[in-house]
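Counting begins at 1 with the first residue of the sequence. Heavy atoms only: backbone and side chains are in, while hydrogens, waters and symmetry mates are out. Atoms within each ligand, like the ligands themselves, are counted from 1 in listed order.
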Amino acid sequence: MNKSTDNFLRFDESLLVKPGTKVNLDKYNTSYTSVFKDKDDAEDMLQKDIKRLSELQDILYASEKYSVLIIFQAMDAAGKDGTIKHVMTGVNPQGCEVTSFKQPTPEELSHDFLWRINKALPSKGKIGIFNRSHYEEVLVVRVHPEYLLAQNIPSIKSLDDVTEDFWKIRFEVINNFEKRLYENGTVIMKFFLNVSKAEQKKRFLERIAEPEKNWKFSPNDVKERQLWDKYMKAYEDAITHTSTEYAPWYIIPADKKWFMRAAVGDIITGTLESLGLQYPKLSSEAIQKINEARDQLLNEAHA
Ligand code: ATP
Ligand code: MG
């Protein structure tokens with residue numbers, strides 16, 4: 001396995017959606033596991049990455065130069081929550097915040113769609129994780145264009161106004177937004193956890209069968225599942241138009257949870273590694289002050 005640090009896709013380039021690629025999800029194998037045979041085979045990389053991520057986060061926090069924004073999008077039961085939980089186990093909660101985006105509130109709807117996203121952005125030195133994101137605006141809203149009517153957009157008076165151009169402009173707005181973040185020091189990674197329709201059914205049935213998992217299931221999830229093909233089209237178009245050098249998409253096979261977690265962990269760790277983060281270096285003046293403080297401590301009479 002190639003583990004060079006100058007390439008953050010250290011084991012498999014095929015997970016990255018290169019800018020300009022027209023995505024066809026039929027061509028992506030949802031149970032692909034790359035160079036790994038099984039869970040045990042990937043465990044070593046996952047544990048090393050988790051440990052290294054915790055070290056890198058410490059430097060990120062201390063150096064206050066970059067923010068890190070990690071976006072998760074997926075169909076229900078693909079494993080967003082579990083992936084976030086596993087990959088971030090070693091991370092210091094002080095420097096990390098997870099935000100889940102649900103159906104917009106009336107207050108959110110009375111602003112433009114990036115308003116609530118802006119408010120949740122990570123500050124310098126921090127890692128922000130979005131469990132769903134502004135991409136819902138070109139995914140669930142694309143599948144249910146009637147949601148747009150609640151947004152009171154001047155150009156959308158009826159569903160007839162929701163044209164292909166409308167979505168193109170939304171992609172452009174999103175790209176510009178992410179470019180702005182990038183130019184100001186935000187490192188963006190976007191993950192689509194790509195589960196198959198068959199695997200989703202299996203996981204739904206488990207959620208229904210096991211009382212401790214019932215809370216994760218909503219009958220509405222099965223209704224949305226009926227719109228699977230429309231969702232896949234929306235994902236394909238969104239990823240095609242918004243995978244950029246400054247905010248790349250990764251399509252992560254999600255049928256094997258162990259692979260999904262190992263892959264996401266390695267991409268995040270590798271990306272942070274590629275920043276060449278360093279602890280802040282103090283000026284000679286500051287070092288002198290620290291030394292004076294040490295001398296003062298050592299010279300205290302009664303302690
Ligand atoms: P998840 O399914 O992510 O694990 P959950 O089941 O706890 O979370 P849900 O009640 O399903 O939470 O909330 C997410 C729902 O909100 C999804 O159906 C999602 O598509 C919807 N949603 C998120 N953002 C928007 C948006 N901008 N417009 C409309 N619906 C949205
Ligand atoms: Mg849900």
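- Relative to the ring axis of Phe113, Arg170 places its NZ or CZ within 45° and under 6.0 Å from the centre.
- The single protein non-hydrogen atom nearest to atom 10 (O) of ligand 1 is Lys102 CD, 4.1 Å, given as residue, atom name and distance.
- Here Ser218 has no heavy atoms under 4.0 Å from ligand 1, in either its backbone or its side chain.
- For the pair Ser158 (side chain) and Asp160 (backbone), a donor-acceptor distance under 3.5 Å is present.
- Heavy-atom separations between Met75 and ligand 1 are all 4.0 Å or longer.
- Test Tyr28, Tyr235, Tyr135, Phe191 against Trp249 for ring-ring contact (aromatic ring centres under 6.0 Å, His included) and you get one pass: Tyr135.
- Ranking protein heavy atoms by distance to atom 27 (N) of ligand 1, first place goes to Glu137 OE2, 2.9 Å.
- In terms of polar-atom proximity, defined here as any N/O pair under 3.5 Å, Lys80 does make such a contact with ligand 1.
- Annotation: cation-pi pair Lys119/Trp115 present, NZ/CZ under 6.0 Å from the ring centroid and within 45° of its normal.
- Neither the backbone nor the side chain of Asn220 comes within contact range of ligand 1; no heavy atom lies under 4.0 Å.
- Side-chain atoms of Gln73 and Glu136 form a donor-acceptor pair, as typed in the model, at a separation below 3.5 Å.
- Annotation: atom 16 (O) of ligand 1 to nearest protein heavy atom, Gln103 N, 3.3 Å.
- The shortest N or O to N or O distance between Arg132 and ligand 1 is below 3.5 Å.
- Counting non-hydrogen atoms of neighbouring residues, nucleotides and ligands closer than 6.0 angstrom, the CZ atom of Phe101 exceeds 12 such neighbours.
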